[in-house]
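Notes follow once the structure below has been shown.
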Amino acid sequence: MKEQLRQAIQTALKQCYSDGTLDSGERPGEIQLEIPKNADHGDFSTNLAMMLAKPERKPPRKIAEALVAALEGNPLCDKIEIAGPGFINFRLAATCWYEVLDRVVEQGSTYGRSDVGHGTKIQVEFVSANPTGPLHIGHGRGAVVGDAVAAVLQAAGFEVQREYYINDAGNQIQTLGRSILLRLRELQGEKIDFPEDGYQAPYVTELAAQYRAEHDELIGVAEEEAIERCARFGIKEILKWIEADLKDFGIEFDNWYSEKSLYDRDMVDQELKKLADKGLSFEQDDALWLRTTEFGDDKDRVLIKSDGSYTYFASDVAYHMEKFDRGFDRVIDVWGADHHGYIPRMKAMLSGLGHAPEDLEVLLIQMVNLLRDGKPYIMGKRSGNFITLKDVVGEVGRDACRFFFLMRRCDSQLDFDLELAKQQSSDNPVYYVQYAHARVCSINRNAAEAGIVLPEKGKIDYSCLELADELALVKQLARYPETVVNAALNYEPHRVIFYLQDLAAQFHSYYNRHRVLVDDTATSLARLYLVNSVRIVLANALSLLGLSAPDRM
RNA sequence: GCGCCAGUAGCUCAGUUGGAUAGAGCAACGGACUUCUAAUCCGUAGGCCGAGGGUUCGAAUCCUUCCUGGCGCGCCA
């Protein structure tokens with residue numbers, strides 16, 4: 001709809017240039033078309049005349065008049081007005097709008113999908129929590145946002161892979177292995193002085209008990225080997241928990257990528273060598289450094305420590321280089337905001353390799369403050385005093401939890417009060433939206449009972465839909481595809497949530513004001529057609545975000 | 001000290017990428033169930049968009065200086 005209008009304006013503009021009405025020769029960039037906040041200002045509005053005022057050195061209203069004259073008689077528009085300082089306001093013909101309903105019905109579950117991505121390959125890496133313990137609520141937010149970003153990108157025609165990066169190499173894995181081993185010895189009757197820096201949480205003891213039940217008892221096995229076996233066992237089991245918890249939350253990955261496998265395949269050395277060959281790294285104080293300061297970082301960074309071991313950064317660099325080797329055009333990382341200090345060095349590394357800065361997009365997920373009854377709930381992995389994601393999903397529910405995380409832009413902090421979320425669950429916004437869907441389903445059941453069959457595409461009398469409420473609903477439906485595209489291009493899935501709330505509100509209002517099934521059959525059929533279009537779009541948007549669309553509530 | 005994010009109604013947040021009179025939800029107050037599901041709707045009230053300066057036809061939005069809150073600034077992971 002919007003694009004058709006844009007085309008028409010483009011044509012009018014060309015005409016003005018060719019007949020000399022406009023003569024600066026300076027062409028504007030993209031024509032900006034927006035939906036005015038105030039409905040009196042029409043369906044669409046453009047500031048084109050004001051943009052041209054300067055290069056043309058003519059008053060904006062004069063330019064607007066020329067453009068309007070060139071648009072005269074266009075079948076798309078009912079009314080074109082010049083307003084304010086030089087806005088051109090368009091009111092589209094009602095028949096154009098009703099075609100949207102046919103489009104929704106025809107496309108069904110694919111309505112809202114587009115191809116603006118042209119199959120560009122994007123990888124979204126998210127969660128990537130260390131496999132040293134269960135997921136907590138902060139991971140949950142990153143998980144939902146990452147999943148939803150991937151989903152809107154897919155809907156907009158990008159080719160998307162969801163990946164989880166497993167940090168299964170490094171010190172924290174040693175710590176996990178040692179912690180399990182010590183608990184195991186404790187279970188075997190040894191008296192153990194459990195270290196401060198070990199993982200103290202009860203699940204470590206559970207893992208030890210499970211290990212004891214499934215394997216031999218590691219008596220007489222060398223310390224280092226014993227730790228290694230415990231660590232591998234722990235990672236394997238914990239990853240099972242993580243995968244299961246995510247699945248219960250509606251999140252599945254296309255690929256689980258192991259950090260350790262980078263070392264096993266000698267990828268880290270290979271990628272570091274490429275950097276060295278390009279002169280991007282240097283040796284100093286027995287360590288190997290990456291020259292990130294040349295590309296905007298405030299400090300050079302160590303890749304290999306003076307003791308010969310690799311930093312976490314080294315494997316991260318290799319990992320990201322390898323992502324592009326795998327053929328992705330763009331890479332998105334979803335990180336906790338506390339890692340933001342890492343961005344400059346990662347971008348510096350990529351610039352050094354000739355990538356554009358926007359090839360890597362890092363989405364920072366701000367902290368989730370977990371509260372219970374308004375009081376902060378302090379969590380620490382070691383203390384064992386934490387509520388897992390699984391607990392929260394079980395307590396609040398999957399839909400409510402996902403909805404809550406998607407309601408805000410990810411770069412603002414979020415208070416999550418467990419009691420509040422539970423207590424409010426009856427008037428939680430997610431139910432508001434789902435209720436709209438259930439209501440249409442209910443109308444459908446009543447219609448079926450009365451022997452009224454939902455009309456096929458285009459088989460209704462549009463003149464029955466003359467209420468302002470009805471036209472407004474149709475216009476809202478028309479906006480859905482554009483909403484998805486904007487959510488994708490800006491990595492902002494919350495736009496879809498707000499769209500859903502707006503659509504549901506309009507529907508509820510309409511429902512309360514007018515009956516769908518009335519005495520006049522033609523009107524009933526037309527309205528049934530309309531509300532089912534609403535239902536399709538609600539269902540599409542809900543499913544896009546991994547939310548259910550219940551038939552009854 | 002330096003950097004990143006935020007500051008919009010009493011509370012929680014949107015704000016279509018610089019547009020016209022800044023919007024929702026909750027909380028408050030007043031109404032609507034004999035009618036397709038009241039988990040709903042209608043109405044009232046609520047604002048110096050953290051503060052100052054700048055850019056222009058036009059700023060919550062852009063630039064700048066401050067203020068407040070959160071988070072970072074390792075040869076840790």
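Just so we're clear, the structure is a prediction, and the values are computed from it rather than from any experiment. Each chain gets a letter, A, B and so on, in the order the sequences are listed, and its residues count up from 1. Every heavy atom of this structure was used, including side-chain atoms; hydrogens, water molecules and symmetry mates were not.
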- Interatomic distance at P, B:rU8 relative to B:rC13, whole Å: 9 Å
- Nearest-angstrom distance from the residue atom CG of A:Leu454 to C1' of B:rC36: 15 Å
- Message: Salt bridge or not between A:Arg409 and A:Asp411? Use side-chain N to carboxylate O under 4.0 Å.
- Response: yes
- Query: When the ring centroid of A:Phe404 is compared with that of A:Phe416, is the distance short of 6.0 Å?
  - Reply: yes
- Message: Determine whether a donor-acceptor pair (N or O, by modelled atom type, separation under 3.5 Å) exists between the side chain of A:Asp285 and the backbone of A:Ala287.
- Response: no
- What integer number of Å spans the P atoms of B:rA45 and B:rG1? 47 Å
- Item | Side-chain N or O of A:Asn446 closer than 4.0 Å to phosphate OP1/OP2 of B:rU37 | yes
- Message: For the P atoms, the ones on B:rG3 and on B:rC66, what distance do you get once it is rounded to whole angstrom?
- Response: 10 Å
- Query: Which listed nucleotide (B:rC36, B:rU16, B:rA14) is nearest to the side chain of A:Ser412?
  - Reply: B:rA14
- Message: On RNA chain B, compare the nucleotides closest to A:Leu33 and A:Arg552; which residue's is nearer the 5' end?
- Response: A:Leu33
- Message: Heavy atoms from C-beta onward define the side chain here; which of B:rC57, B:rA38, B:rA14 lies closest to that of A:His494?
- Response: B:rA14
- So what stems show up for RNA chain B if we need 3 or more Watson-Crick or G-U pairs in a row, all under 3.5 Å? B:1-7 with B:67-73, B:10-13 with B:23-26, B:28-32 with B:40-44, B:50-54 with B:62-66
- Interatomic distance, A:Ile365 CD1 vs B:rA6 P [rounded to whole Å]: 13 Å
- Using the P atoms only, state how far B:rG10 lies from B:rG47, rounded to an integer number of Å. 6 Å
- Looking only at side-chain atoms of A:Ser509, point me to the closest of B:rA20, B:rC42, B:rC4. B:rC42
- Message: For a quick test of reading the model: is some side-chain N or O of A:Tyr499 closer than 4.0 Å to OP1 or OP2 of B:rA24?
- Response: no
- Determine the interplanar angle of the A:Phe282 and A:Trp289 rings, folded into 0 to 90°, and report it as parallel if under 30°, tilted if 30 to 60°, perpendicular if over 60°. parallel
- Query: Looking at the angle O4'-C1'-N9-C4 for a purine or O4'-C1'-N1-C2 for a pyrimidine, is B:rC57 syn or anti, with syn meaning within 90° of 0?
  - Reply: anti
- Consider the side chain of A:Arg409, meaning its heavy atoms from C-beta on, and name the nucleotide among B:rA20, B:rU37, B:rA6 that approaches it most closely. B:rA6
- Message: So if I define the base as every atom that isn't primed, P, OP1 or OP2, how would nucleotides 69-77 of chain B read as a B/S/- string at a heavy-atom cutoff under 4.0 Å?
- Response: -SBS-SBSB
- Query: Looking at B:rA20, does its base get a donor-acceptor pair with the side chain of A:Asn89 below 3.5 Å?
  - Reply: yes
- Task: Would you kindly say whether A:Asp286 and A:Ser306 are connected by a side-chain donor-acceptor distance under 3.5 Å?
- Result: no
- What nucleotide among B:rC13, B:rU37, B:rG19 has an atom nearest to a side-chain atom of A:Pro85? B:rG19
- Message: From CZ of A:Phe44 over to P of B:rA20, roughly how many Å is that when rounded to an integer?
- Response: 17 Å
- Query: How is A:Ala83 classified with respect to the nucleic acid when contacts are heavy atoms under 4.0 Å: base, sugar-phosphate, or nothing?
  - Reply: base
- Note on the structure: Taken to the nearest 0.5 Å, the spacing of A:Asn512 CG from A:Asp469 CG works out to 11.0 Å
- Is the distance from OP1 or OP2 of B:rA39 to the nearest side-chain N or O of A:Tyr431 less than 4.0 Å? no
- Task: Check every atom of B:rA20, B:rU12, B:rC42 against the side chain of A:Arg408 and return the nucleotide holding the closest atom.
- Result: B:rU12
- Select base, sugar-phosphate, or nothing to describe what A:Ala438 touches, counting heavy atoms under 4.0 Å on all strands. base
- Query: Between A:Arg495 (CZ) and B:rA24 (P), how many Å, whole number?
  - Reply: 19 Å
- Message: Applying ring pair (Phe, Tyr, Trp, His ring centres under 6.0 Å) to A:Tyr164 and A:Phe126, what does each step give before you reach the verdict?
- Response: CA-CA 6 Å; A:Tyr164 188 116; A:Phe126 58 111; 8.3 Å; no
- Take the protein atom NE2 of A:His508 and the nucleotide atom P of B:rG25, then report the distance between them rounded to whole Å. 12 Å
- Note on the structure: Whichever of A:Tyr510 and A:Asp415 has the more 5' nearest nucleotide on RNA chain B, that residue is A:Asp415
- Message: Using atom P in both nucleotides, what's the gap between B:rC41 and B:rG25 to the nearest angstrom?
- Response: 8 Å
- Query: So does A:Arg495 pair up with A:Glu492, basic N to acidic O under 4.0 Å?
  - Reply: yes
- Flag the pair A:Lys37 and A:Asp40 as a salt bridge only when some basic side-chain nitrogen lies within less than 4.0 angstrom of an acidic carboxylate oxygen. no
- Respond yes when some side-chain nitrogen or oxygen of A:Lys37 is under 4.0 Å from OP1 or OP2 of B:rA20, and no when none is. yes
- Query: Hey, does the side chain of A:Arg439 come within less than 4.0 Å of B:rA39's phosphate (OP1/OP2), counting only N and O?
  - Reply: no
- Rounded to whole angstrom units, what separation is found between the CD1 atom of A:Ile88 and the P atom of B:rA20? 17 Å
- Query: Rounded to the nearest Å, what distance is computed from the CG atom of residue A:Leu538 to the C1' atom of nucleotide B:rU40?
  - Reply: 14 Å
- Message: For the C1' atoms, the ones on B:rG23 and on B:rU16, what distance do you get once it is rounded to whole angstrom?
- Response: 13 Å
- A:Arg301 with A:Asp297: basic N within carboxylate O range, under 4.0 Å: yes
- Could you check whether A:Phe498 gets within reach of a base, just the sugar-phosphate, or nothing at all, counting any heavy atom under 4.0 Å? sugar-phosphate
- Query: How far does the P atom of B:rA24 sit from the matching atom of B:rA9, given to the nearest Å?
  - Reply: 15 Å
- Please give, in whole Å, the distance from B:rC2 P to A:Asp297 CG? 18 Å
- Base, sugar-phosphate, or nothing for A:Thr483, non-hydrogen atoms under 4.0 angstrom? nothing
- Query: Hey, is A:Glu449 close enough to A:Arg445 for a salt bridge, meaning N to O under 4.0 Å?
  - Reply: no
- Lys/Arg N to Asp/Glu carboxylate O, A:Arg527 vs A:Glu470, below 4.0 Å: yes
- Item | Between B:rC48 and B:rG30 - P atom distance, rounded Å | 26 Å
- Task: May I ask you to decide whether A:Arg479 forms a salt bridge with A:Glu482, counting only side-chain N to carboxylate O separations under 4.0 Å?
- Result: no
- Task: For A:His514, report the nucleic acid contact type (base, sugar-phosphate, nothing); a contact means any heavy atom under 4.0 Å.
- Result: base
- Item | Ring-on-base stacking B:rA20 with A:Phe87 (under 5.5 Å, under 30°) | yes
